[in-house]
Amino acid sequence: MTRMKAPDFIKTLLALACALIGTAHAEAQLEGRTLRFQDDAGRITWTRSYPAAVGPLLGPVAQDNLSWLAVGPALYAYDDDGEQRVRLDFPGDISALDGEGGTLQVTSGFGSVRQTFTVNGAQIQGRVVLPPDPEVTGWLRRAAAAVPQAQLRAAASADPANPFLQLRLARLAQLQGDRYGAIAAAQQAVTAQVPFAASVQLAADLDDAGFPSAADLSLDKAAREWAARGYDPALPVSRDALRAYGNPLGELNILLAQNKLRRADAWIRYLREVSPRFQDYPEVYARYATILDAQDRSGEADEWRQFSRDLSAGTLYNLGPGALLILRDAFRVLAAALLMAVLAALLTFEAHYWTVQGRDLALLGGRWRSWLLHPLSRARRITLAYAGFGEKLVLVSLLLGLLFTLSGWVWTSRVDERLHDPALNAGTYGGAWFYDGLDRLELSGEARDIALIRGVAAQLDASASLARQTYSRVPPSACILNNLGVLAAGAEDTAQARDSYRQALALDPGQTSAAYNLGLNPQDPDSVFQARFRPKQPRLCYPDQQTLIQALDLAPGSSALGLLRDPWNSLNRLPTGLPRILQGLWVAALLVLGTACLLWLLVPRLPQAIHAGRSAAYRLLALLLPGAALLEGAWGSVLLLGWAMTISALLGLSGWWRLDALLGAAGPGLRTLLLGILAFIYVLNIVAFVLAEVRAARQGQRAARQPG
């Protein structure tokens with residue numbers, strides 16, 4: 001063994017001591033809401049303080065020669081000199097930060113949903129889906145607003161990645177009359193790399209501050225970042241999500257109200273490009289087209305109207321985004337009409353058979369006491385017992401139609417509510433928050449439409465094997481075939497990819513995603529977006545409204561079957577807005593009446609019914625309620641139902657109940673048309689009434705001439 005000399009030994013010990021001392025003291029520490037860095041000699045070389053408004057702090061964790069600190073939903077990395085090297089944005093406040101094992105694990109969450117990401121090479125591994133939560137998407141703006149004015153320049157220098165600090169500097173320069181300084185600060189703000197929601201917020205603030213060119217650049221950056229994160233114009237976006245994503249619709253409305261049409265044009269074109277199917281888009285596009293018409297720009301106005309109509313493709317019956325609401329209102333109008341027809345028929349029956357029924361019941365103790373004295377005999381002599389088979393058959397048909405119409409109303413209301421779930425209206429699929437939403441909607445079966453939704457989400461999350469496994473469990477649709485081709489293209493199997501695209505196009509010639517992938521250059525908005533922002537990537541096929549409806553619920557016929565199995569609960573789910581007790585009462589009355597009609601349909605007519613006369617009350621009702629006195633024949637039911645439908649629609653136009661989706665765009669011509677139809681029905685009814693009176697008079701004369 002070689003013996004070490006004394007001076008060398010001492011030098012080695014000193015070096016080891018220095019190394020140990022340096023390791024022990026060169027580190028960042030969090031004290032309260034202040035991050036301090038201590039050098040090898042134990043001196044504080046720099047500090048960073050964070051106001052409470054920016055959210056909880058977590059860390060620091062040393063990794064890759066950087067000190068990582070979680071601040072709300074953001075993760076900052078500082079070097080030993082205090083310079084900010086990285087800021088990473090997560091989908092919620094960071095709740096755990098773990099640097100053990102040589103990798104940095106970050107747990108972030110939104111609400112009760114938690115997701116763990118790996119940070120490697122100062123980059124987040126995997127896809128980050130921003131939930132539509134203003135607390136998350138508006139964090140950068142809020143953090144900048146929390147900085148006191150006196151500390152603004154220092155904060156902007158320390159945090160160059162927050163563009164809202166630069167924007168505040170631009171506003172300050174404007175107040176000081178430094179025009180060039182303001183322009184420079186605004187341009188510096190746009191260069192920061194931020195999530196698309198922050199870019200939209202920045203664009204709105206830049207517009208408000210008078211920097212339109214910088215605002216346009218910020219909107220372009222937002223569109224590109226939107227596309228890079230996997231958001232797509234094929235998917236709907238709710239108003240709540242838009243507000244969280246920078247509120248471009250709110251900014252558009254402000255600019256239109258201020259008559260700043262050139263700036264409004266920039267914002268509506270941004271919406272048209274990245275999320276044309278935002279909630280209530282038909283009304284917004286129609287309003288903008290009207291403004292263009294007022295400026296003698298009718299060609300542009302017509303183009304916007306046509307664009308709005310084109311977006312209706314893929315919706316239920318191509319009725320547009322409000323298709324379910326249109327069907328719901330149609331069911332409501334029909335239900336009201338059927339209910340009026342049933343009540344009119346019952347009232348007319350009562351007037352017709354009142355006298356002869358009274359004579360029969362007098363022998364049993366009277367009209368009301370007979371229920372106590374002779375309940376079975378009294379039940380045999382209810383009004384329906386005097387009606388003819390044809391009259392009872394019409395009444396049963398009206399009641400059954402009413403029940404099935406009410407079941408359709410229940411179905412449309414339930415599916416529309418589920419269709420507007422936030423998970424399906426955030427502009428993209430994928431991420432922990434999205435899958436939590438699918439679980440809440442119970443979309444976990446083996447149906448083909450559910451497989452398409454989950455498969456698209458897996459592809460967006462770059463889980464090719466999961467997507468392929470999901471698609472393989474169901475028979476392929478044109479959309480699934482296209483997406484299988486995208487998977488094959490990702491595996492560099494070009495021949496298989498093109499074969500899948502061709503199969504998809506053969507199955508559905510309107511499949512624009514497959515047409516785009518085959519190089520046929522379709523000019524729909526989704527393909528144009530793909531060509532501009534993701535030019536080297538094949539296009540996925542996304543679920544349209546019809547697919548979502550089929551995934552969210554069974555067909556309308558399922559509600560009818562549910563009504564037959566459990567009519568009480570099915571009808572009580574109707575969104576009538578009535579108190580629970582009143583809802584139960586009218587449902588009970590409807591079911592009792594329906595049961596009685598079905599039972600008495602098989603009971604022979606009482607012979608005394610032939611002596612029922614044509615009283616004044618009966619004649620009056622026959623004139624006021626078209627067709628109600630003619631239900632023995634087919635024309636009676638046609639007149640009665642036509643009258644009830646017309647009255648129901650007129651009541652809706654008059655505001656007795658809200659039918660905005662069905663009749664909201666109706667002009668004065670519809671009211672005139674309905675009044676004309678109503679008048680025609682009354683004319684036909686008067687003719688039929690006169691003929692019935694003549695026939696009754698002749699029958700009376702023949703009966704009087706007969707002997708005995």
Side-chain angles (χ1 to χ4, degrees), residues 11-90 93-108 116-125 128 139-140 143-144 146-148 150-166 169 188-189 191-195 198:
K11 290 179 182 179
T12 302
L13 288 178
L14 288 173
L16 288 172
C18 289
L20 290 173
I21 293 172
T23 303
H25 293 284
E27 62 180 4
Q29 295 179 345
L30 186 64
E31 297 180 9
R33 299 194 66 85
T34 300
L35 182 67
R36 305 178 187 275
F37 189 84
Q38 187 173 267
D39 66 7
D40 295 346
R43 295 171 300 185
I44 302 298
T45 58
W46 56 267
T47 62
R48 295 281 186 277
S49 295
Y50 305 89
V54 300
L57 306 179
L58 193 63
V61 171
Q63 188 80 25
D64 299 329
N65 297 319
L66 296 171
S67 297
W68 298 83
L69 180 72
V71 185
L75 182 64
Y76 286 93
Y78 300 99
D79 63 16
D80 291 353
D81 296 326
E83 184 177 351
Q84 178 186 309
R85 292 294 187 183
V86 180
R87 191 202 68 244
L88 302 176
D89 300 290
F90 289 85
D93 285 347
I94 296 172
S95 57
L97 198 60
D98 184 7
E100 294 182 3
T103 58
L104 189 60
Q105 301 290 322
V106 182
T107 300
S108 172
T116 299
F117 300 88
T118 298
V119 175
N120 190 14
Q123 296 290 332
I124 302 174
Q125 304 301 302
V128 176
W139 182 84
L140 277 171
V147 175
Q151 303 173 17
L152 182 57
R153 293 190 183 279
S157 176
D159 189 2
N162 190 333
F164 296 97
L165 292 170
Q166 294 294 332
L169 286 177
Q188 180 67 25
T191 61
Q193 297 300 316
V194 294

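Looking only at distances, a side-chain donor or acceptor of Arg48 sits under 3.5 Å from a matching main-chain atom of Gly82. In this structure a side-chain-to-backbone donor-acceptor pair under 3.5 Å is missing from Ser157 to Ala154. Between the Arg33 side chain and the Pro51 main chain, a donor and an acceptor come within less than 3.5 Å of each other. Here the side chain of Arg87 pairs a donor or acceptor atom with the backbone of Ala161 at under 3.5 angstrom. One N or O on the side chain of Gln125 and one on the backbone of Asn120 form a donor-acceptor pair closer than 3.5 Å. A donor-acceptor contact shorter than 3.5 Å is absent between the side chain of Trp139 and the backbone of Gly55. Looking only at distances, a side-chain donor or acceptor of Asn162 sits under 3.5 Å from a matching main-chain atom of Leu140.
Between Leu69 and Gly59 the shortest heavy-atom distance is CD1-C, 4.1 Å. The two residues Asp80 and Thr45 come nearest to each other via the heavy atoms O-OG1, 4.2 Å. Taking all atoms of both residues into account, the shortest heavy-atom contact from Leu58 to Ile94 is CD2-O, 4.1 Å. Here the closest non-hydrogen pair linking Ala146 and Ala53 is CB-CB, 4.0 Å. Of all the heavy atoms in Val194 and Pro163, the pair that sits closest is CG1-CD, 3.6 Å. Looking at every heavy atom in both residues, Gly32 comes nearest to Leu57 through O-CD1, 4.2 Å.
Summarising the geometry, atom CD belonging to Gln151 is positioned 8.0 Å from atom OG belonging to Ser49; distances are rounded to the nearest 0.5 Å. Atoms CD and CD, from Glu100 and Gln63 in turn, are 10.5 Å apart once rounded to the nearest 0.5 Å. The structure places CG of Leu165 at 11.5 Å from CD of Gln188, a figure rounded to the nearest 0.5 Å. A distance of 9.5 Å separates CD of Gln29 from CZ of Arg36, quoted to the nearest 0.5 Å. Atom OG of Ser108 is separated from atom CG of Leu75 by 10.0 Å, given to the nearest 0.5 angstrom. Put simply, CZ on Arg85 and CG on Asn65 are 11.0 Å apart, with the number rounded to the nearest 0.5 Å.
Between Asp159 and Tyr76, some side-chain heavy-atom pair lies under the 4.5 Å cut-off. With a 4.5 Å cut-off on side-chain heavy atoms, Pro60 and Leu30 count as touching. Arg153 places a side-chain heavy atom less than 4.5 Å from the side chain of Leu169.
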request  = Test Arg43 against Gln38 for side-chain contact (heavy atoms from CB on, under 4.5 Å), laying out the working first.
outcome  = CA-CA 5 Å; Arg43 295 171 300 185; Gln38 187 173 267; over 6 Å; no
message = Set out, in order, the CA-CA distance, both residues' side-chain angles and the distance that settles ring pair (Phe, Tyr, Trp, His ring centres under 6.0 Å) for Phe90 and Phe117, then state yes or no.
response = CA-CA 9 Å; Phe90 289 85; Phe117 300 88; 5.6 Å; yes
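Between Tyr78 and Trp68, the distance from one ring center to the other does not fall under 6.0 angstrom.
Side-chain atoms of Thr47 and Thr34 include no donor-acceptor pair closer than 3.5 Å.
Looking at Thr116, Asp93, Asp98 one by one, the single match for side-chain hydrogen bond (donor to acceptor under 3.5 Å, both in side chains) with Thr107 turns out to be Thr116.
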